[in-house]
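Whatever order the structure lists ligands and atoms in, that order sets their numbers, starting from 1.
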Amino acid sequence: MKFFLDTADLAQIEEAASWGAVAGVTTNPTLYARIGGTVSDFPKHIARICACIDGPVSAEAVGSTRDEIIREGRELAAIAPNVVVKIPTMIEGLAATRVLANEGIRVNMTLCFSVPQALLAARSGARYVSPFVGRFDDIAEDGIEQLSSIVDALDNYVFAEGGPNGEEIEVIAASIRSAQHVTQAALIGADIATVPFDVLKKCVEHPLTARGLAAFAKDWEKVSQA
Ligand code: E4P
């Protein structure tokens with residue numbers, strides 16, 4: 001499973017990219033608002049993110065009609081070759097995805113909460129689909145169970161029919177809240193987990209690693225004094 005970083009914060013992206021293990025970035029309007037972004041700076045900000053990460057960068061279209069989404073999608077895709085257009089799972093979004101996919105523009109279908117939605121995303125030509133895990137948990141439902149069903153259903157789909165546009169759709173486990181979610185997503189067979197910066201850091205840390213490091217440092221001091 002690959003790791004994407006779920007943020008629009010450039011400092012976090014630069015830092016995480018330097019760790020060498022992050023394969024892409026996902027953003028959304030909320031994450032962009034959180035860093036104080038403006039509409040006029042949005043294309044430049046996406047370009048800055050694209051320049052510091054060697055992998056797909058999802059930038060979300062905010063239009064509500066297919067024509068608006070198609071126009072935005074083309075504009076976003078023109079920013080950099082690694083832009084992926086993020087489009088919400090809805091009728092207008094599916095229609096726009098089909099048009100953009102036919103033009104070779106990669107789409108990440110977002111706000112996906114069910115198997116039928118994920119299958120329709122695949123049928124419309126989306127390159128990625130993003131089932132949200134944590135938002136299910138927020139309403140006392142099991143987000144990991146939904147993710148698991150979506151991974152299974154898409155495996156059946158790809159096995160039976162082959163992916164659209166000759167590429168298999170990849171499942172991005174999104175709305176990830178913890179290292180435990182990351183573990184579960186990996187075991188289920190999600191292709192990617194997109195994680196906030198603090199969760200990524202927690203994935204690196206372990207109390208036994210910290211304890212082991214302290215012991216090694218202490219023993220090395222003894223060696224150095226001998
Ligand atoms: C996915 O790409 C979204 O940006 C994200 O994971 C949303 O997560 P949230 O539920 O933490 O807002």
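The shortest side-chain heavy-atom distance between Glu72 and Val62 falls under the 4.5 Å cut-off. Side chains of Val182 and Met1 form a contact here, defined as non-hydrogen atoms less than 4.5 Å apart.
Counting only non-hydrogen atoms, the option in Glu60, Lys86, Arg34 that gets closest to atom 2 (O) of ligand 1 is Lys86.
Using a cut-off of 4.0 Å between Lys/Arg side-chain N and Asp/Glu carboxylate O, Lys222 and Asp219 are scored as salt-bridged.
Counting the atoms of ligand 1 from 1 in the order shown, those under 4.0 Å from a heavy atom of Thr26 are 2 (O). Per-residue contacts place Arg135 under 4.0 angstrom from the following atoms of ligand 1 (heavy atoms of the residue considered): 7 (C), 9 (P), 10 (O), 12 (O). Every atom of ligand 1 is numbered from 1 in the order shown, and the set under 4.0 Å from a heavy atom of Ser175 is 5 (C), 6 (O), 8 (O), 9 (P), 10 (O). Atoms of ligand 1 lying under 4.0 Å from at least one heavy atom of Ala174, given by number and element, are 1 (C), 6 (O). Close contacts between ligand 1 and Arg177 involve ligand atoms 9 (P), 10 (O), 11 (O) [criterion: under 4.0 Å to a heavy atom].
Side chain of Glu15 to main chain of Ala11: no donor-acceptor pair is present (N/O by atom type, distance under 3.5 Å, no hydrogens or angles).
Residue, atom and distance of the protein heavy atom nearest to atom 7 (C) of ligand 1 are Phe132 CE2, 3.5 Å. Among all protein heavy atoms, the one lying closest to atom 5 (C) of ligand 1 is Asp6 OD2, 2.9 Å.
Looking only at atom types and distance, the side chain of Thr209 has no donor-acceptor partner in the side chain of Arg211 under 3.5 Å away.
Heavy atoms of Thr110 stay at 4.0 angstrom or farther from ligand 1.
Checked against Tyr32 for a side chain to side chain contact (heavy atoms under 4.5 Å, CB included), the options Val39, Asp9, Asp41, Ile46 give a single hit: Asp41.
The environment of Glu103 atom CD is dense: over 12 non-hydrogen atoms of other residues, nucleotides or ligands sit within 6.0 angstrom.
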